[in-house]
Amino acid sequence: MTTLESLIALGAENLLGIIIKLLLSGLAFLIAKLVTTLVARALNKAASHEASRLTPLMAGFIIKVVRVVVWLIAILVILQIWGINMAPVIAGLGITGVVLGFALQESISNIFSGLLLALNNPFGIGDYVVIGSVAEGTVTGMDAVSCTLLTADKKKITMANKLVLAEAITNVSASDTRRLDMTVGVAYGSDLDKVKGLILSLLESYDEVLSDPAPIVEVSKLNDSSVDFIVRPYVPNADYWSVNWRFQKDIYDLLNREGIEIPYNKLDVTVTNKEGE
């Protein structure tokens with residue numbers, strides 16, 4: 001066999017090897033893509049069932065973690081196909097792992113905090129939450145390290161999962177109904193039974209106010225200059241603020257029409273003239 005024929009044979013062999021490696025690499029890529037797609041589809045389907053304990057938030061978190069793991073494995077497999085020896089790299093990870101552990105301890109802590117949040121399910125996407133005294137807003141997303149809120153004035157807040165887990169979480173959207181806590185103050189000497197009846201009749205005129213549980217209207221406090229009624233109707237969550245604002249105006253107009261004084265801070269000044277001056 002001539003030298004030219006040897007070179008052609010060697011080139012053909014190398015080309016065939018490259019083609020096989022390309023095909024195997026493509027196969028590894030497709031398998032990784034298929035696995036992540038099937039896992040995501042199965043978890044989303046399971047989370048959509050009302051009786052399932054798997055929530056959309058938990059499903060989304062697991063899907064993101066699975067994607068990272070599967071693609072990492074796929075990359076290692078492809079590198080092995082191309083003859084890149086990963087043994088020194090893997091051995092080196094043992095040495096650098098300690099250094100990376102210290103450097104990435106906050107990220108690792110956030111990942112575990114995110115996992116606990118997903119498992120405990122204190123809120124879901126679309127819920128309005130109050131996180132301690134730090135932030136409040138509608139939950140728009142959550143990943144392995146952070147949670148994203150959108151405030152009422154359309155500001156985006158991104159909080160580390162570790163900080164979210166460390167605070168008291170109040171989920172305002174946990175129930176379909178919500179109780180309003182309002183106060184109405186009237187002057188001393190007012191007919192309290194009449195005032196209570198007027199407040200109840202006003203609440204009954206609102207379609208949004210629920211009859212079960214019944215609204216609570218009672219004298220709650222004797223202030224220095226007013227008798228305060230606590231007013232606690234239950235309304236659908238979506239009507240919370242609209243009923244609150246409407247009631248403030250309506251009760252003011254109603255009490256004025258009925259001649260019931262609404263007290264306010266005022267200063268009485270008495271001027272006296274001394275005799276002979």
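Along the sequence shown, residues carry numbers from 1.
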*Go through the structure and list residues passing salt bridge (Lys or Arg N to Asp or Glu O under 4.0 Å) with Lys194, not counting sequence neighbours.*
Glu258
*Asn244 side chain to Tyr240 main-chain N or O, any donor-acceptor pair under 3.5 Å?*
no
*Please report the C-alpha distance between Asn44 and Ile63 in whole Å, then the side-chain angles of each, then the deciding distance to 0.1 Å, and finally whether the side-chain contact (heavy atoms from CB on, under 4.5 Å) criterion is met.*
CA-CA 9 Å; Asn44 287 327; Ile63 289 169; 3.6 Å; yes
*Going only through I, L, V, M, F, W and Y residues with side-chain contacts under 4.5 Å, is there a path from Ile31 to Leu72?*
no
_Non-hydrogen atoms of Ala160 and Asn110 that approach each other most closely_ = CB-OD1, 3.5 Å
Donor-acceptor pairs are to be reported for all side-chain atoms of residues 33-43 against protein atoms at under 3.5 Å, with residues two or more places apart or in another chain.
from: Thr36; atom 1: OG1; to: Ala32; atom 2: O; distance (Å): 3.1
from: Thr36; atom 1: OG1; to: Lys33; atom 2: O; distance (Å): 2.9
from: Thr37; atom 1: OG1; to: Lys33; atom 2: O; distance (Å): 2.8

_Closest approach of Gly114 to Asn161 (non-hydrogen atoms, all atoms of both residues)_ = CA-ND2, 3.4 Å
*salt bridge (Lys or Arg N to Asp or Glu O under 4.0 Å) contacts in which one or both residues fall within residues 114-138, not counting sequence neighbours*: none
*Check whether Tyr206 and Tyr234 end up in the same hydrophobic cluster, where Ile, Leu, Val, Met, Phe, Trp and Tyr are linked by side-chain heavy atoms less than 4.5 Å apart.*
no
*Using the test side-chain contact (heavy atoms from CB on, under 4.5 Å), find all partners of Tyr188 that sit at least two apart in sequence or belong to another chain.*
Leu222, Val227
_Shared hydrophobic cluster for Leu254 and Ile260 (ILVMFWY, side-chain gaps under 4.5 Å)_ = yes
*Which ring pair (Phe, Tyr, Trp, His ring centres under 6.0 Å) pairs, counting each pair once, include a residue from residues 24-46, with sequence neighbours left out?*
Phe29-Trp71
*Output, in order, the C-alpha distance, side-chain angles, deciding distance and verdict of side-chain contact (heavy atoms from CB on, under 4.5 Å) for Phe247 and Val231.*
CA-CA 10 Å; Phe247 178 82; Val231 182; 4.1 Å; yes
*Could you pull out all residues at least two apart from Lys221 that satisfy side-chain contact (heavy atoms from CB on, under 4.5 Å)?*
Asn223, Asp228
*asked:* For Arg232, give me all partners under side-chain contact (heavy atoms from CB on, under 4.5 Å), at least two apart in sequence or on another chain.
replied: Arg179, Asp181, Ile216, Ile230
*Kindly compute the distance separating CG (Leu79) from OG (Ser25), expressed to the nearest 0.5 Å.*
9.0 Å
*Would you check if the side chain of Asn237 reaches a backbone N or O of Ser175 as a donor-acceptor pair within less than 3.5 Å?*
yes
*With side chains defined as the heavy atoms from C-beta onward, is the minimum distance between Ile251 and Leu255 less than 4.5 Å?*
yes
*asked:* Let me check something: do Leu24 and Leu30 share a hydrophobic cluster, defined by ILVMFWY side-chain heavy atoms less than 4.5 Å apart, either directly or through other members?
replied: no
_Shortest non-hydrogen contact from Ser190 toward Glu261_ = OG-O, 4.4 Å
*Let me see the working for Val195 and Asp191 under side-chain contact (heavy atoms from CB on, under 4.5 Å), right down to the final yes or no.*
CA-CA 6 Å; Val195 173; Asp191 186 337; 5.7 Å; no
*With sequence neighbours excluded, give me every salt bridge (Lys or Arg N to Asp or Glu O under 4.0 Å) pair touching residues 248-257.*
Lys249-Asp253
*Any sub-3.5 Å donor-acceptor pair from Thr148's side-chain atoms to Thr140's backbone N or O?*
no
*Hey, is the main chain of Tyr128 close enough, under 3.5 Å, to the side chain of Ser173 for a donor-acceptor pair?*
yes
_Closest contact, heavy atoms only, Ala135 versus Ile157_ = CB-CD1, 3.8 Å
*Test side-chain contact (heavy atoms from CB on, under 4.5 Å) applied to Ser146 - qualifying residues, sequence neighbours left out*: Asp143, Thr158
*If you measure from CE on Met182 to CD1 on Ile199, what distance do you get to the nearest 0.5 Å?*
9.0 Å
_Going by salt bridge (Lys or Arg N to Asp or Glu O under 4.0 Å), name the residues that satisfy it together with Glu208, two or more places apart in sequence or in a different chain._
Arg246
_Nearest non-hydrogen partners of Ser226 and Pro263, listed with the distance_ = CB-CG, 3.3 Å
*asked:* Could you measure the distance from the CG atom of Leu22 to the CD1 atom of Ile78? Nearest 0.5 Å is fine.
replied: 10.5 Å
*asked:* What verdict does the side-chain contact (heavy atoms from CB on, under 4.5 Å) test give for Cys147 and Val139, after you've listed the backbone C-alpha separation in whole Å, the side-chain angles of each residue and the deciding distance to 0.1 Å?
replied: CA-CA 8 Å; Cys147 179; Val139 180; 4.3 Å; yes
*Over all atoms of both residues, closest heavy-atom pair of Phe123 and Asn171*: CA-ND2, 3.5 Å
*How would you list all residue pairs meeting salt bridge (Lys or Arg N to Asp or Glu O under 4.0 Å) that involve residues 69-84, not counting sequence neighbours?*
none
*Are Ile131 and Leu150 grouped together when hydrophobic residues (ILVMFWY) are joined by side-chain heavy atoms under 4.5 angstrom apart?*
no
*Sequence neighbours excluded, which residues qualify as salt bridge (Lys or Arg N to Asp or Glu O under 4.0 Å) partners of Asp153?*
Lys155
